[in-house]
Amino acid sequence: MKIVHISAECYPMAKVGGLADVVGALPKYQKNAGNEVRVVVPCYDTKFKAENVFETVYAGNVVLGNFEFPFNVLKEATDKLGYELYLIEIKQLFDRPNVYGYEDDIERFLSFQIATLDWILAENTIPDVINCHDHHAGLIPFMLQFCYKYEALSGIRTVITIHNGLYQGWFSHDKMHYIPEFDVRHAGFLEWDNALNSLAVGIKCADAVTTVSPSYLDEINVSANGLESLFNKVRSKSKGILNGIDIELWNPSTDKMLEEHYDIDNFDFGKQKNKEKLCERFDLDPAKPLFSFIGRLFDEKGGDLLPQASVLSLSENFENINILILGSGNPDIEEQLLQLRDDYKGNYNVFIGYNEELAHLIYAGSDFILMPSRVEPCGLNQMYALRYGTVPIVRRTGGLRDTVIDFGDNGNGICHDQSSVGDVCYSINRAVKLYDEKDHFKEIIKRGMATDHSWESVCQEYIEIYNQN
Ligand code: GLC
């Protein structure tokens with residue numbers, strides 16, 4: 001089967017969050033299963049782009065209303081990623097360091113989608129299925145069906161995968177003319193609540209909708225930033241498929257970013273070595289339990305709870321724990337977290353920013369990982385943590401609910417229900433007690449390390465959706 005993934009992110013080319021990890025891994029496993037798989041992302045000015053070799057496979061002009069931009073399609077020359085990676089190079093719009101956050105994001109991602117379809121049309125190798133990811137590729141299913149110039153592509157099956165329904169790619173009616181000429185009788189598909197809504201378009205027009213966990217599918221039928229009734233309506237063509245993780249990249253027995261390798265039989269020693277390295281770097285005490293947070297510092301991820309939960313937990317436990325935070329986001333939260341450094345020197349530290357190598361070391365060297373998310377469509381961190389023998393402390397929501405079971409129910413982690421400082425602290429207290437019951441703690445770590453979250457077991461579920469009629 002010929003599969004094309006269209007996305008704003010793909011690790012290692014461009015990563016902001018978990019979307020990149022999924023789009024960088026699922027295709028590899030689909031290819032291993034015998035499919036022909038391509039991934040198409042915009043060509044940002046990233047480190048990966050600068051350090052790798054690409055060949056130009058197509059050149060054209062993308063028309064966006066009255067604008068016209070020259071574009072190239074670049075292919076990663078070695079195929080070393082395990083699938084074919086294509087970059088849509090539109091210099092005026094994407095030759096910038098960041099993935100999102102520009103005033104012309106609508107123009108950028110619309111041009112990206114149109115250029116991608118122009119190239120697929122010109123190349124004349126029609127895929128069987130296009131898997132669109134999030135709102136940045138949401139207009140593709142509409143354009144394939146209703147834009148006159150893509151008529152030859154209208155038989156391609158389309159699937160939209162929702163990684164985060166909060167962001168929807170809204171734009172105003174005066175930009176409707178950016179979309180290549182289409183049968184106006186279908187203009188209604190573009191609208192939702194008096195705006196044009198890229199995600200809603202994808203949900204309405206795609207042949208199938210997937211969410212990145214079964215629980216998230218249930219949740220967005222109740223709360224989806226205005227799209228609830230739409231999700232209800234398309235329920236019969238929707239499926240929640242739990243993400244997998246790349247178990248080659250995330251393997252504590254081979255991970256080059258670790259200080260010491262280990263596996264389920266010798267994690268005690270290996271984790272301690274990684275912990276010592278981490279504690280040395282961040283001036284923490286390796287004899288005490290280490291609680292870490294990795295991620296974007298936004299309310300959605302419960303980032304706003306971290307400053308107060310850290311203060312209360314550190315004082316209640318008489319500074320008998322360590323807390324380490326890696327992330328960036330809301331400047332207020334960043335500021336509050338930075339301020340705590342002086343008060344809790346030796347027990348607390350924070351690294352504002354993102355660093356892939358450090359993230360790997362934190363998974364390996366921590367005892368517990370905190371995920372107090374308000375919304376978590378899937379969450380990959382808990383799966384990385386489990387594989388690295390680090391016990392997840394999660395709020396029961398979305399994919400966290402599907403992957404972490406409280407140790408009180410013979411599970412692999414610690415769970416609470418409310419997004420509150422009190423619930424986070426309560427869970428930390430339970431964790432401190434668990435840490436002292438060495439045998440019980442080890443048993444839970446082992447249970448987590450033994451869980452199989454590889455894409456191999458999930459990848460077939462996508463193929464089934466691609467094959468449905
Ligand atoms: C988004 C979601 C996260 C999910 C990831 C990959 O970042 O917020 O929960 O794991 O996409 O699907």
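Below, each value reflects all heavy atoms present in this structure, side chains not excepted, and no hydrogens, waters or symmetry copies. Atoms within a ligand are numbered from 1 in the order they appear, just like the ligands themselves. Worth saying up front: this structure is predicted, and the values here are computed from it rather than measured.
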K.L.:
Below 4.0 Å from any atom of ligand 1, which residues have a heavy atom? Give them in chain and number order, please.
P.N.:
Gly18, Leu19, Val22, His163, Asn164, Val212, Asn243, Arg296, Lys301, Glu376, Pro377, Cys378, Gly379, Leu380
K.L.:
So, are Lys175 and Glu107 salt-bridged, with charged N and O less than 4.0 Å apart?
P.N.:
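Yes, Lys175 and Glu107 are salt-bridged.
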K.L.:
Using a cut-off of 6.0 Å, state whether more than 12 heavy atoms not belonging to Glu103 lie near its atom CD.
P.N.:
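Result for CD/Glu103: open.
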K.L.:
Would you say the ring centers of Phe293 and Phe368 fall short of 6.0 Å from each other?
P.N.:
no
K.L.:
Residues two or more places apart in sequence or in another chain: which of them pass ring-ring contact (aromatic ring centres under 6.0 Å, His included) with Phe48?
P.N.:
none
K.L.:
Take Glu76 and Thr78, measure what side-chain hydrogen bond (donor to acceptor under 3.5 Å, both in side chains) needs, and give me the verdict at the end.
P.N.:
CA-CA 6 Å; Glu76 193 277 318; Thr78 63; 2.5 Å; yes
K.L.:
Quick check against the 3.5 Å criterion: does Ser213 have a side-chain atom that pairs as donor or acceptor with the backbone of Pro377?
P.N.:
yes
